Peer 1: 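The structure's right below; bear with me while I get my questions together.
This one's a predicted model, so the numbers in the text were calculated from it and none came from an experiment. The figures that follow rest on heavy atoms only: side chains count, while hydrogens, waters and symmetry mates do not.
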Amino acid sequence: MLYINGDKATRLQDILFTTYFQCKDIRETIKQYFICTKLDDNRILDKLEEFPSLFSTILDSMRYRIVIGMGNIFDNNPKSLSIWKLLNLCEQEGNEKLNKEVKNVRNELTNYKDSIENINILRDKMYGHIEIKYSLETEDIYDKDFEFLNAQMLFSEKILNYIMEKCVKFSKEYDDDKLRLEIHWDFDKEK
């Protein structure tokens with residue numbers, strides 16, 4: 001359990017903190033993934049020749065972390081720790097400013113409905129559910145199409161920044177940012 005200034009954090013504080021740092025971790029993994037896939041860098045080419053299976057395992061692990069992590073953030077299951085759960089908890093606080101901000105975020109996220117759906121399909125097809133309906137017998141855009149996957153990662157980086165920024169805003173509205181997320185955001189935001 002998270003403690004703030006020696007006091008046990010509320011459920012909302014705990015989820016704000018967890019969501020912020022989950023987004024930060026996934027965003028950093030995306031950045032490292034794109035660095036590793038820049039095959040015009042001689043250092044990377046040298047490592048690829050020296051450790052070919054290790055390098056491919058690292059890339060697979062990063063893709064797994066990103067796709068599963070993003071899928072978790074946008075999971076619609078009410079029991080999942082997702083952006084939807086965070087928004088619902090914020091609404092339950094009855095704070096007028098917080099509710100206004102939540103409404104804005106919900107509206108903004110509807111603009112990304114297709115991309116969010118693509119992330120969830122990638123998660124289900126690539127890692128989450130090895131089922132008949134996601135069989136690789138028929139090929140489609142989700143079947144290890146790395147250009148499509150990379151496009152979803154670029155979207156993910158953008159939306160992760162947005163969610164991190166909103167966690168800071170929610171924290172300010174909820175308890176005057178006792179979590180001190182604003183300090184983290186000053187260092188973490190894209191410049």
Side-chain angles (χ1 to χ4, degrees), residues 1-5 7-34 65-124 128 141-142 148-191:
M1 176 46 96
L2 180 68
Y3 286 86
I4 302 165
N5 300 330
D7 294 328
K8 194 173 181 181
T10 66
R11 179 92 171 116
L12 181 54
Q13 288 170 325
D14 194 32
I15 291 176
L16 276 167
F17 184 87
T18 302
T19 302
Y20 181 91
F21 285 100
Q22 174 82 341
C23 290
K24 180 181 174 181
D25 183 49
I26 296 167
R27 190 188 69 180
E28 294 306 314
T29 304
I30 292 169
K31 287 179 183 179
Q32 294 305 311
Y33 174 81
F34 282 117
R65 172 69 183 109
I66 295 162
V67 170
I68 293 293
M70 289 301 296
N72 290 343
I73 287 171
F74 291 108
D75 195 332
N76 287 318
N77 184 330
K79 293 182 179 181
S80 296
L81 181 59
S82 66
I83 186 65
W84 314 120
K85 180 178 253 352
L86 174 62
L87 295 175
N88 289 339
L89 283 172
C90 286
E91 285 174 330
Q92 292 171 13
E93 286 301 314
N95 178 322
E96 199 173 302
K97 287 182 181 179
L98 195 54
N99 285 348
K100 184 178 178 184
E101 193 64 37
V102 167
K103 185 178 179 182
N104 291 337
V105 171
R106 285 190 189 278
N107 288 335
E108 184 71 23
L109 290 177
T110 60
N111 296 329
Y112 300 111
K113 184 180 179 221
D114 291 341
S115 295
I116 291 169
E117 189 174 305
N118 286 338
I119 288 167
N120 285 326
I121 291 171
L122 278 169
R123 179 199 57 187
D124 291 346
I141 196 167
Y142 299 101
F148 179 75
L149 179 63
N150 289 347
Q152 298 314 304
M153 286 189 205
L154 289 173
F155 157 75
S156 296
E157 196 170 9
K158 178 181 175 183
I159 199 74
L160 290 167
N161 281 321
Y162 177 76
I163 293 170
M164 290 167 68
E165 183 178 9
K166 293 307 168 182
C167 284
V168 173
K169 181 79 171 168
F170 294 160
S171 185
K172 284 181 185 179
E173 296 299 338
Y174 175 65
D175 64 7
D176 198 28
D177 195 24
K178 287 184 182 174
L179 291 170
R180 304 290 185 247
L181 291 181
E182 186 172 29
I183 293 170
H184 290 281
W185 182 240
D186 285 343
F187 291 100
D188 296 335
K189 65 184 167 189
E190 300 292 315
K191 292 171 176 65

Peer 1: Under 4.5 Å between any side-chain heavy atoms of Ile4 and Phe17, yes or no?
Peer 2: no
Peer 1: For Asn161, what residues pass the side chain to side chain donor-acceptor pair (under 3.5 Å) criterion, not counting sequence neighbours?
Peer 2: Arg27
Peer 1: What residues form a salt bridge (Lys or Arg N to Asp or Glu O under 4.0 Å) with Glu165, not counting sequence neighbours?
Peer 2: none
Peer 1: Could I get the full list of side chain to side chain donor-acceptor pair (under 3.5 Å) partners for Asn95, not counting sequence neighbours?
Peer 2: none
Peer 1: Measure up the His184 and Phe21 rings against each other and bin them: parallel (under 30°), tilted (30 to 60°), perpendicular (over 60°).
Peer 2: perpendicular
Peer 1: Would you say Ile163 and Val105 make side-chain contact, with heavy atoms under 4.5 Å?
Peer 2: no
Peer 1: Applying side-chain contact (heavy atoms from CB on, under 4.5 Å), can you list everything that pairs with Arg180, at least two apart in sequence or on another chain?
Peer 2: Ile183
Peer 1: Asn72 versus Arg123: any side-chain heavy-atom pair under 4.5 Å?
Peer 2: yes
Peer 1: Determine whether more than 12 heavy atoms belonging to other residues, nucleotides or ligands lie under 6.0 Å from atom CG of Asn111.
Peer 2: yes
Peer 1: Does a sphere of radius 6.0 Å around NZ in Lys100 hold more than 12 heavy atoms from other residues, nucleotides or ligands, not counting ones at 6.0 Å or beyond?
Peer 2: no
Peer 1: State which residues pass side-chain contact (heavy atoms from CB on, under 4.5 Å) with Asn77; sequence neighbours excluded, sorted by chain then number.
Peer 2: Asp75, Lys79, Ser80
Peer 1: Show me the pairs that pass salt bridge (Lys or Arg N to Asp or Glu O under 4.0 Å) and involve residues 82-91, at least two apart or across chains.
Peer 2: Glu91-Arg106
Peer 1: Can you pull out every salt bridge (Lys or Arg N to Asp or Glu O under 4.0 Å) where at least one residue sits in residues 149-161? Sequence neighbours excluded, please.
Peer 2: none
Peer 1: Enumerate the ring-ring contact (aromatic ring centres under 6.0 Å, His included) contacts for residues 72-98, please, sequence neighbours excluded, ordered by first and then second residue.
Peer 2: none
Peer 1: Heavy atoms, side chains only, cut-off 4.5 Å: are Ile26 and Thr29 in contact?
Peer 2: no
Peer 1: Taking the side chain as everything from C-beta on, heavy atoms only, tell me whether Ile73 gets closer than 4.5 Å to Ile119.
Peer 2: no
Peer 1: Keeping to residues at least two apart or across chains, list the ring-ring contact (aromatic ring centres under 6.0 Å, His included) pairs with something in residues 153-172.
Peer 2: Tyr112-Phe155
Peer 1: Applying ring-ring contact (aromatic ring centres under 6.0 Å, His included), name anything that partners Tyr33, two or more places apart in sequence or on another chain.
Peer 2: none
Peer 1: Can you list everything that forms a salt bridge (Lys or Arg N to Asp or Glu O under 4.0 Å) with Glu93? Sequence neighbours excluded, please.
Peer 2: none
Peer 1: Measure the shortest side-chain to side-chain distance between Ile159 and Met70 over non-hydrogen atoms and say whether it is less than 4.5 angstrom.
Peer 2: yes
Peer 1: Would you say the side chain of Phe34 lies within less than 4.5 Å of the side chain of Leu154, judging by non-hydrogen atoms?
Peer 2: yes
Peer 1: Going by side-chain contact (heavy atoms from CB on, under 4.5 Å), name the residues that satisfy it together with Asp175, two or more places apart in sequence or in a different chain.
Peer 2: Gln13, Ser171, Lys178
